[in-house]
Amino acid sequence: MVTFSILTMFGLGLAASVLLAVASRIFFVKENPKVEAALEILPGANCGGCGFAGCEGYAKAVVTNPDVPANKCCAAPKEAIVALGQLTGKVVAEAEPLVAMRRCDVYHGQVAQSYEYQGIPSCAAASPLRGGSNACSFSCLGFGDCVQACPFGAMSVIGNLACVDVRRCTGCGNCVSACPRGILELIPQRSRVCIPCNSRVKGKAVMDVCKIGCIKCMKCVRSCPAKAVRLEDGYIRIDHQLCLSYGEDCGHVCVEGCPRKILREIDLLNPGRLEAVSGADGSTGQNDRQAA
């Protein structure tokens, strides 16, 4: 009886293996060699900045879909983008390099703490609790959700303030998606000005909690000859493409006219001369390496 059971199980196992072998031959899908070649070219960061689920997803899309451009990978160097374009037979236009910028300067703003948070060390967890632990309910909480999300080591927290290393940032946008307050945004690497304030309130409501926060006086909006500065969704936004297209003939009138000095000149292509945002240690540019 035992021998019969063993033989039966052996026979079933053998039959199943034969069926699987036959099925694998029948349903075998030959891999496109260009996809493998594209994967070799791509950096393998799997950051998702291209809009696809990792490098493999983008490799398949760029090879098989004629509408997917070859310059979507923000982490790949220029040589890799050119190689990908040659592999897929697509014309490669140079994409505008982007970097993340923090719209907050709680240190120069001397933003006080409303209470001491003692919960899960996460911005997403702390943000809903009474508007967060800072007096400004739009400010950076500094628990580092963005640091965890960044696959390139470009984010750090210094003195409870998120900072961006512009030399490492690829503009993938993972940190932007991870921030529950919208503190971080992607801007062109060539950007000339920034406004490190995320507050949606104006006037006295800003001055009561922050020494330098934007009060929405609209002087920057009225003075910009390129019409690149506007009030949108309750806070000042800069259309960097319009600003760059107009050029430096404007003389940075938006910066000069800002009574709160919250609009600032930046030079992200030369981080050693960065003047954008002060850091947790009170110095400018976070030891000359931090963009925001």
* To do: Tell me who clusters with Val92, hydrophobic residues only, linked when side chains sit under 4.5 Å apart either directly or through other members.
  =>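 Members alongside Val92: Ile81.
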* If you group Ile, Leu, Val, Met, Phe, Trp and Tyr whenever their side-chain heavy atoms sit less than 4.5 Å apart, what else falls in with Ile238? ->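 Noted: Ile238 shares its cluster with Val193, Ile195, Ile212, Met218, Val221, Val229, Leu231, Ile236, Val255, Ile262, Leu263.
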Mind listing the closest non-hydrogen atom pair of [X] and [Y] along with its distance?
X      : Y      : answer
Ile266 : Ile187 : CD1-CD1, 4.0 Å
Cys55  : Leu42  : O-CD1, 3.5 Å
Arg192 : Gly247 : NH1-O, 3.0 Å
Ala100 : Cys169 : N-SG, 3.3 Å
Thr88  : Ala70  : OG1-CB, 4.1 Å
Ala228 : Leu242 : CB-CB, 3.8 Å

Identify, with sequence neighbours excluded, every residue that meets side chain to side chain contact (heavy atoms under 4.5 Å, CB included) alongside [X].
X      : answer
Cys179 : Arg181, Ile183, Leu184
Pro151 : Cys47, Cys172, Asn174
Lys202 : Lys216
Pro188 : Glu96, Leu98, Ser191, His240, Gln241, Leu244

* Can you hop from Leu39 to Val68 via hydrophobic side chains spaced under 4.5 Å? ->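 Result: no, two separate clusters.
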* Asked: Are Leu141 and Val157 connected in a single hydrophobic cluster, I mean Ile/Leu/Val/Met/Phe/Trp/Tyr linked by side-chain heavy atoms less than 4.5 Å apart?
  ->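 Not linked; separate clusters.
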Taking C-beta and beyond as the side chain, do [X] and [Y] meet within less than 4.5 Å on heavy atoms?
X      : Y      : result
Ile215 : Met207 : yes
Tyr58  : Leu84  : yes
Asn198 : Arg102 : no
Cys123 : Pro180 : yes
Ser199 : Cys214 : no
Lys219 : Pro259 : yes

* Lys NZ or Arg CZ of Arg168 over Phe152 ring: under 6.0 Å, within 45° ->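 The answer is no; the distance or angle limit is not met.
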Got a list of side-chain donor-acceptor pairs under 3.5 Å for residues 128-139, not counting sequence neighbours?
| unit_1 | atom_1 | unit_2 | atom_2 | d |
| --- | --- | --- | --- | --- |
| Asn134 | ND2 | Ser139 | OG | 2.9 |
| Asn134 | ND2 | Cys140 | O | 3.1 |
| Ser139 | OG | Cys136 | O | 2.8 |

* Got a sec, which pairs hit side chain to side chain donor-acceptor pair (under 3.5 Å) with one end in residues 141-153, sequence neighbours left out? ->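 For residues 141-153, and leaving out neighbouring residues, the side chain to side chain donor-acceptor pair (under 3.5 Å) pairs sorted by first residue read Ser122-Asp145.
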* To do: Please list all pairs passing the side chain to side chain donor-acceptor pair (under 3.5 Å) test where one or both residues lie in residues 73-82, with sequence neighbours left out.
  =>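 Sorted pair list comes back empty.
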Do the side chain of [X] and the main chain of [Y] share a donor and acceptor less than 3.5 angstrom apart?
X      : Y      : answer
Lys34  : Lys60  : no
Arg260 : Cys258 : no
Ser127 : Ala124 : no
Tyr246 : Pro225 : no
Lys72  : Gly49  : no
Arg264 : Cys194 : no
Arg190 : Pro97  : no

* **Verdict with reasoning, Glu185 to Arg103, per salt bridge (charged side-chain N to carboxylate O under 4.0 Å, His left out)** => CA-CA 8 Å; Glu185 67 176 354; Arg103 288 188 61 107; 3.6 Å; yes
* **Residue list, salt bridge (Lys or Arg N to Asp or Glu O under 4.0 Å) with Lys261, at least two apart or on another chain** =>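 Listed in chain order: nothing, the list is empty.
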* **By salt bridge (Lys or Arg N to Asp or Glu O under 4.0 Å) - contacts of Glu232 (at least two apart)** =>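 Salt bridge (Lys or Arg N to Asp or Glu O under 4.0 Å) check on Glu232 returns Arg230, Arg237.
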* Asked: How far does NZ of Lys227 sit from CG of Asp239, to the nearest 0.5 angstrom?
  ->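 The distance works out to 13.5 Å.
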* **Value rounded to 0.5 Å, distance of CG in Asp105 from NZ in Lys211** =>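 These two atoms lie 14.0 Å from each other.
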* **Under the ring-ring contact (aromatic ring centres under 6.0 Å, His included) test, residues paired with Tyr117 that sit two or more places apart** =>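 In terms of ring-ring contact (aromatic ring centres under 6.0 Å, His included), with neighbours along the sequence ignored, Tyr117 is linked to Phe143.
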